[in-house]
Amino acid sequence: MNSSEDKPVSPPSHFIREMIAADVRAGNQGSPVVTRFPPEPNGYLHIGHAKAICLDFGMAREFGGRCHLRMDDTNPAKESMEYVESIKTDVRWLGWDWGEHFYFSAHYFERMYDVACGLIRRGKAYVCELTQEQWKEYRGVPTRPGKESPFRNRPPAESLDLFARMRAGEFPDGSLCLRAKIDMASPNIHLRDPVLYRIMREHHYLTGDAWCIYPMYDFAHPLEDAFEGVTHSLCTLEFEVHRPLYDWVIDQLEDLPVRPRQTEFARLNLSYTVMSKRKLLELVQTKRVSGWDDPRMPTLCGLRRRGVPPEAIRAFCDEIGITKYNSLTDVALLEHCIRDVLNKTAPRRMAVMDPLPVTIENANDLPSFVEAVNNPEDPSAGSRRIPFGPALLIERGDFMETPPPKYFRLSPGKSVRIRYAGFLACTGVQKDANGALTGITCRWAPSEANLKVKGTIHWVPADARPVEVRLYDRLFTVEEPDAHEEKDFKDFLNPDSMKIASAFVEPALLEVQPGDRVQFERVGYFVADSEDSKTGVPVFNRTVTLKDTWAKASAGDAR
RNA sequence: UGCCCGAUGGUGUAAUGGUAGCACAACAGACUCUGGAUCUGUUUGUCUAGGUUCAAAUCCUAGUCGGGCAACCA
């Protein structure tokens with residue numbers, strides 16, 4: 001109980017956890033903690049959403065409450081069922097469960113309409129006939145108050161009639177709107193008689209053409225939260241100035257079981273990528289990437305296809321914390337979280353990317369196979385047999401005729417350990433007519449020889465099959481692609497963000513299932529592509545490289 | 001130049017008036033059948049100026065810098 005060594009390490013707290021904890025201590029209005037994740041189904045979820053998802057679902061779980069998944073679909077123009085399905089898939093993949101609590105804003109349209117009518121009756125809202133151009137004039141600017149709409153004080157009965165006829169489809173799109181009557185002199189623009197409903201003849205993927213008026217976010221969102229008994233409505237910083245309006249809408253409601261409260265936190269910015277739906281859509285539409293699930297995309301489906309385990313994303317979200325500071329998180333932290341999970345879970349396999357043939361002279365001494373451990377980090381992963389023989393393939397980079405200092409690999413007259421299979425001493429080199437290296441000859445010694453060598457290299461049998469591998473790198477060449485004032489973010493696309501190559505792989509690698517994650521020893525973590533892998537013919541995507549201090553050191557020497 | 005929010009090592013965060021800590025990154029060493037992993041160590045920080053206080057990253061004032069707000073988007 002009091003041993004300090006094995007105390008569980010809990011993630012550092014943050015202001016939202018502290019706030020909820022305080023609310024719970026005070027009784028939380030007699031309610032369990034209820035949060036919600038409310039994406040608009042107009043695009044695919046990305047790792048920025050993962051931060052919000054882990055917060056919303058994480059707080060609910062931590063405090064024994066619940067979290068709703070809600071489609072915030074009040075603007076049918078850009079929304080579709082395709083996105084709804086992808087969102088459910090991605091949230092589930094991340095490891096969260098909304099239970100019975102899956103909702104659509106569209107299912108509240110009738111109730112919202114009733115609330116709007118109540119507002120009109122009590123003189124809190126009115127139908128405005130000003131055009132959008134005229135309204136720009138009336139609205140004023142942040143530094144100067146606006147002026148009141150000439151329709152502001154029309155009798156409620158008149159507004160009620162007009163509002164009903166708006167719904168009935170008597171007016172063209174954009175000709176009328178319903179406004180809240182708040183304060184045209186407010187320094188907060190959002191309080192200057194904001195639009196509550198607009199006329200928009202747009203087919204809704206759920207309600208079809210039943211409606212031609214749709215509620216605005218600022219009206220709909222607090223109502224949805226209130227209808228569902230949400231206690232803690234967590235959203236990103238750009239909604240901070242909307243909070244007074246959120247509260248105004250809540251104040252108009254009677255007999256609320258719980259009063260929802262909005263709290264804002266900073267959205268995630270990740271280096272070397274972009275996060276806005278608009279820009280991601282642009283990359284897809286201009287074919288800079290193969291689709292939303294291109295393994296270079298920061299979308300959850302892209303990260304999944306890249307081979308990133310959901311646990312790594314959750315660990316990352318715990319690691320980055322929650323604040324109100326607009327930060328730029330180093331993608332190296334994400335990569336660390338990915339390696340951390342994969343190191344413990346990914347089976348080790350051998351694959352040679354750039355082969356150099358090796359012929360072993362003392363062929364008669366060789367075993368016909370070797371036993372290889374599947375994961376040194378996980379004894380329960382067992383071991384496998386790899387065929388062995390006098391003809392092998394090693395990595396070209398693992399041999400140098402005239403090695404630089406501190407080169408621990410093979411060179412003439414020197415020895416290395418070959419993974420799981422004893423030692424090789426280089427006895428000769430073969431070259432073609434141009435003097436290019438075509439192969440080497442070696443003498444083999446068994447593991448029992450216990451040679452003192454500094455390096456271990458990987459290998460495959462010479463009859464290993466080649467498979468396609470896709471080597472992914474960061475999508476952009478600069479930390480903040482969208483921070484440049486004149487240049488477009490697409491100007492910073494990394495031309496080498498994907499390289500197609502082949503690798504000669506040990507037999508076990510031909511048996512993987514799509515989605516299986518492995519480590520190519522000394523190279524990196526790879527996943528069998530979920531789309532393009534066929535039975536016996538896998539295609540591998542590189543998730544992330546292994547750390548390589550030698551590459552770093554030798555690159556440094558070259559400079 | 002109106003309103004709102006923010007600022008802690010290179011990066012992300014913790015410290016809620018009382019020893020500035022953790023993680024990533026970087027660097028060094030130990031260990032190792034992955035130049036991986038693991039372990040140990042090192043470097044680097046409270047935006048500025050005043051004030052309150054025995055004591056300030058924390059409270060107050062002013063400034064600087066950064067972000068957000070003027071869709072019938074969310």
Side-chain angles (χ1 to χ4, degrees), chain A residues 9 11-15 18 38-40 42 72-75 77-79 128 130-132 135-136 139-146 173-179 186-192 194-200 213-214 216-218 220-221 235-244 264 266 271 277 318-337 339-340 343-344 348 350 372-373 376-377 406-409 416-423 447 453-458 479 519-524 545-554:
Chain A
V9 197
S13 197
H14 51 70
F15 74 101
E18 296 299 320
E40 183 186 14
N42 68 346
D72 211 356
D73 50 7
T74 57
N75 182 2
K78 299 177 290 180
E79 300 156 358
C128 181
L130 254 21
T131 65
Q132 285 176 61
W135 181 252
K136 271 176 105 170
R139 186 214 305 119
V141 291
T143 50
R144 279 195 314 277
D173 286 12
S175 57
L176 304 183
C177 68
L178 184 72
R179 289 187 185 285
S186 173
N188 184 341
I189 300 270
H190 297 280
L191 259 18
R192 319 242 268 228
V195 172
L196 265 25
Y197 269 88
R198 76 281 212 183
I199 305 176
M200 181 165 53
I213 59 172
Y214 291 97
M216 299 289 290
Y217 166 86
D218 282 314
H221 207 89
C235 64
T236 46
L237 242 29
E238 66 270 26
F239 294 104
E240 215 162 14
V241 285
H242 295 241
R243 195 186 335 135
E264 311 83 11
S271 62
K277 274 185 192 171
D318 278 345
E319 209 56 50
I320 57 179
I322 301 290
T323 67
K324 302 186 75 159
Y325 175 66
N326 290 295
S327 57
L328 176 67
T329 299
D330 194 338
V331 73
L333 181 59
L334 208 213
E335 290 168 353
H336 163 78
C337 294
R339 290 190 187 103
D340 199 41
N343 175 48
K344 297 182 191 106
R348 271 51 170 179
M350 293 199 288
V373 166
E377 303 289 321
K406 291 194 185 159
Y407 185 79
F408 299 155
R409 283 108 103 145
V416 279
R417 187 188 293 276
I418 56 172
R419 191 80 166 137
Y420 310 118
F423 302 88
S447 297
V453 295
K454 300 205 92 167
T456 299
I457 64 175
H458 60 279
E479 282 197 324
Q519 181 195 101
F520 288 4
E521 294 212 50
R522 301 208 303 137
V523 177
T545 60
L546 248 31
K547 281 210 222 165
D548 189 347
T549 52
W550 167 247
K552 205 184 294 175
S554 50

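The sequence lines fix the lettering, A, B, ..., with proteins before strands; numbering per chain opens at 1.
- Across the protein-nucleic acid pair, A/L334 atom CG and B/G12 atom P stand 15 Å apart, rounded to whole Å.
- B/U46 and B/A20 are spaced 8 Å apart, taking the C1' atom of each and rounding to whole Å.
- A distance of about 13 Å separates the P atoms of B/U61 and B/C4, rounded to the whole Å.
- Pair check for B/U34 finds none; no Watson-Crick or G-U wobble contact set falls under 3.5 Å.
- Rounding to whole angstrom units, NZ of residue A/K454 and C1' of B/C31 are separated by 12 Å.
- B/U43 and B/G36: their P atoms are spaced 23 Å apart (whole Å).
- Using a 4.0 Å heavy-atom distance criterion, A/P39 is classed as making no nucleic acid contact.
- The interatomic distance linking A/E238 (CD) with B/G66 (C1') rounds to 16 Å, in whole Å.
- A salt bridge does not link A/D548 to A/K552: none of the charged side-chain nitrogens sits closer than 4.0 Å to a carboxylate oxygen.
- Residue A/W550 and nucleotide B/G35 are classified as a stacked aromatic pair, their ring centres being separated by less than 5.5 Å at an interplanar angle below 30°.
- The partner of B/U16 cannot be assigned: no Watson-Crick or G-U wobble pair with both contacts below 3.5 Å exists in any strand.
- Look at A/E40 and A/K277 and you find no salt bridge, because none of the NZ, NE, NH1 or NH2 atoms lies under 4.0 Å from a carboxylate O.
- Between A/L196 atom CG and B/A71 atom P there is a gap of 17 Å when expressed in whole angstrom units.
- Between the CG atom of A/L546 and the C1' atom of B/A37 there is a distance of 9 Å, given to the nearest Å.
- For the P atoms, the distance linking B/G12 with B/C73 amounts to 35 Å, nearest Å.
- Between A/N326 atom CG and B/C4 atom P there is a gap of 18 Å when expressed in whole angstrom units.
- Under 3.5 Å, the side chain of A/R339 and the base of B/G36 form no donor-acceptor pair of N or O atoms.
- Nucleotides B/U40 and B/G63, compared at atom P, are 49 Å apart to the nearest Å.
- Across all strands shown, the partner of B/A23 is B/U11, judged by Watson-Crick or G-U wobble contacts whose two distances both fall under 3.5 Å.
- The base of B/C24 lies outside donor-acceptor range of the side chain of A/T329, with no N or O pair under 3.5 Å.
- Atom P of B/G29 sits at a distance of 42 Å from the matching atom of B/G67, rounded to the whole Å.
- B/C65 is paired with B/G6 under the Watson-Crick or G-U wobble criterion, all donor-acceptor distances under 3.5 Å.
- Between the side chain of A/Q519 and the base of B/U34, at least one donor-acceptor pair of N or O atoms lies under 3.5 Å.
- In this structure, B/G29 and B/C39 make a Watson-Crick or G-U wobble pair, each of the two defining distances being under 3.5 angstrom.
- In this structure the side chain of A/P376 reaches within 4.5 angstrom of the side chain of A/R348, judged on heavy atoms.
- Closest contact between the side chain of A/T323 and the listed nucleotides B/G12, B/C69, B/U13 involves B/U13.
- Taking atom C1' in both B/G9 and B/A26, the straight-line distance is 12 Å, to the nearest Å.
- Scanning both residues, A/S447 and A/F423, for their nearest heavy atoms gives O-CE1, 3.6 Å.
- Going from atom CZ of A/F239 over to atom C1' of B/C4 covers 15 Å, rounded to whole Å.
- The aromatic ring of A/F408 stacks onto the base of B/G35, its centre lying under 5.5 Å from the centre of the six-membered base ring with the two planes under 30° apart.
- The separation of B/G2 from B/A55, taken at their P atoms, amounts to 37 Å, rounded to a whole angstrom.
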